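The chains referred to below are lettered A, B, ... by the order of the sequence lines, with proteins before strands, and numbering in each begins at 1. This is a predicted model, so every value here is computed, not measured.
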2 protein chains.
Amino acid sequence: MFNVSTRVQYGFLALLALADGDGKTPVRLGSIARDLHLSFKYLENIFQSLVKARIVRGTRGPEGGYVLERDPRSLSLYDIFRALEGPVFTVECFDEESACRHLALCPVRDLWGELRGSLEKFLKRRTLADIKSKYKKPVVLAHMEMFGVAGEETGKKESASI
Amino acid sequence: MFNVSTRVQYGFLALLALADGDGKTPVRLGSIARDLHLSFKYLENIFQSLVKARIVRGTRGPEGGYVLERDPRSLSLYDIFRALEGPVFTVECFDEESACRHLALCPVRDLWGELRGSLEKFLKRRTLADIKSKYKKPVVLAHMEMFGVAGEETGKKESASI
DNA sequence: CTATTTCCTAGTAAGTTGGTATGAAATATA
DNA sequence: TATATTTCATACCAACTTACTAGGAAATAG
Ligand code: FES
Ligand code: FES
């Protein structure tokens, strides 16, 4: 089965939030989590993988946050999958431990190879910049509107209503 | 992540074993399990799904076994995936319960749609007959040789060596 | 009647997914 | 220097999926 994990879905959305900015001023996870209605803790978890893969760079403390470390035009969906999920495509026949991997000529093995190839080709072709430029409106803003949130970015912590 | 489950791998291999035959005389799971070095019980489990999906038909008793119920030229890899794994592609954004599914215009949502499309297109294009005809040698025979098994189909239960 | 083979319903151990919890380390600001 | 803020690091957990196994009922050829 092919499942796009929530790690990838949320991570990708959050990366678009970084790409929406000017690329210089760090974006806090707190604001992304609020805007996209996602778990802050889970986003932190996800972003540690992105840091390790050198896709983003974080700076701590007040005025801290994350910036993209790679050019969105060369940052592919494949890179993001690899950073967040590890291997993109698995099949027993390709594993070291598999009994059948020594059969040189096998149409079934070839089939899995082609499937992997087609999948990777798709993922490598799409970059963060491609997706971002697909519609005029910033993606994060669009999702905020979906939740009926007013776009107050530096707002005063939505008032002390508790 | 995309994982081709062992259900699909083994099931596909076993279907090729049926396709290797004349299409009339039933093939027993016992012989397939022996030739491909797979678990008989697991194959039974897998074939129940194939029966339910009307891909194969079984007849019980001695001289029983399975035959293909569908033409290999129209039996696609997609059909086999569906029968054995259920949904081929899942992503939260497409689910009923997902928070974001009501956003009409979303480049990210479009991206997942394209990914699904590309995957399904690949799987629907390949048929059992295609793969079978890719090499001259029957696929099952090739795998048997890999295990160093002599091709004795109706053999005498590999002698009472226990 | 008996051996053989599929059919059917369960169950289960290991791995993956989708998160939480807790606290340490760094840093801007006062 | 003290403090609030933010990332960094490690560990944990519940629910779900995967990859099987178990035990027997039902059909059928000889
Ligand atoms: S060699 Fe792995 S399926 Fe044929
Ligand atoms: S609507 Fe689901 S990701 Fe945008």
Rounding to an integer number of Å, can you tell me how far [X] [atom1] sits from [N] [atom2]?
X: B:Asn3; N: C:dG15; atom1: CG; atom2: P; value: 14 Å
X: A:Phe40; N: D:dT6; atom1: CZ; atom2: P; value: 8 Å
X: A:Leu29; N: D:dT5; atom1: CG; atom2: P; value: 16 Å
X: A:Gln9; N: C:dG18; atom1: CD; atom2: P; value: 8 Å
X: A:Leu38; N: C:dG18; atom1: CG; atom2: P; value: 13 Å
X: A:Glu85; N: C:dT17; atom1: CD; atom2: P; value: 6 Å
X: A:Glu44; N: D:dT5; atom1: CD; atom2: C1'; value: 12 Å
X: A:Phe89; N: C:dT16; atom1: CZ; atom2: C1'; value: 18 Å

If the cut-off is 4.0 Å, is [X] near the phosphate of [N], judged by side-chain N/O to OP1 or OP2?
X: B:Thr6; N: D:dC20; value: yes
X: A:Ser39; N: C:dT20; value: yes
X: B:Ser5; N: D:dT18; value: no
X: B:Tyr66; N: C:dC7; value: yes
X: A:Arg28; N: D:dT6; value: yes

Are A:Leu77 and A:Phe12 packed together at the side-chain level, in the sense that at least one heavy-atom pair is separated by less than 4.5 angstrom?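 With C-beta onward as the side chain, the pair touches.
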
Which residue lies more 5' along DNA chain C, comparing A:Tyr10 with B:Glu63 via nearest heavy atoms: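 The 5'-side residue here is B:Glu63.
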
On DNA chain C, compare the nucleotides closest to B:Pro62 and A:Arg7; which residue's is nearer the 5' end?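 Going by which nucleotide is closer to the 5' end, it is B:Pro62.
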
Side chain of A:Tyr42 (C-beta onward), nearest among D:dT7, D:dA25, C:dG19: C:dG19

If you only use heavy atoms from C-beta on, which nucleotide in D:dA25, C:dT17, D:dT7 is closest to the side chain of B:Met1?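 Closest of the options to the side chain of B:Met1: C:dT17.
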
Is the side chain of B:Arg54 donor-acceptor paired with the backbone N or O of B:Glu69 at a distance under 3.5 Å, no angle test? no

B:Asn45 (side chain) and D:dT21 (base): donor-acceptor pair under 3.5 Å: yes

SB check A:Asp95 A:Arg101 (cutoff 4.0 Å): no

Would you call A:Asp71 and A:Arg73 a salt bridge, taking side-chain N to carboxylate O under 4.0 Å as the test? yes

Please classify the nucleic acid contact of A:Gly65 as base, sugar-phosphate, or nothing, using heavy-atom distances under 4.0 Å. sugar-phosphate

According to a 4.5 Å side-chain heavy-atom criterion applied to Ile, Leu, Val, Met, Phe, Trp and Tyr, with indirect links allowed, do B:Leu16 and B:Phe40 form part of one hydrophobic cluster? yes

Quick check: on DNA chain D, is the nucleotide nearest B:Lys41 upstream (toward 5') of the one nearest B:Gly61, or the reverse? Name the residue that is more 5'.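 Counting from the 5' end, the first nearest nucleotide belongs to B:Lys41.
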
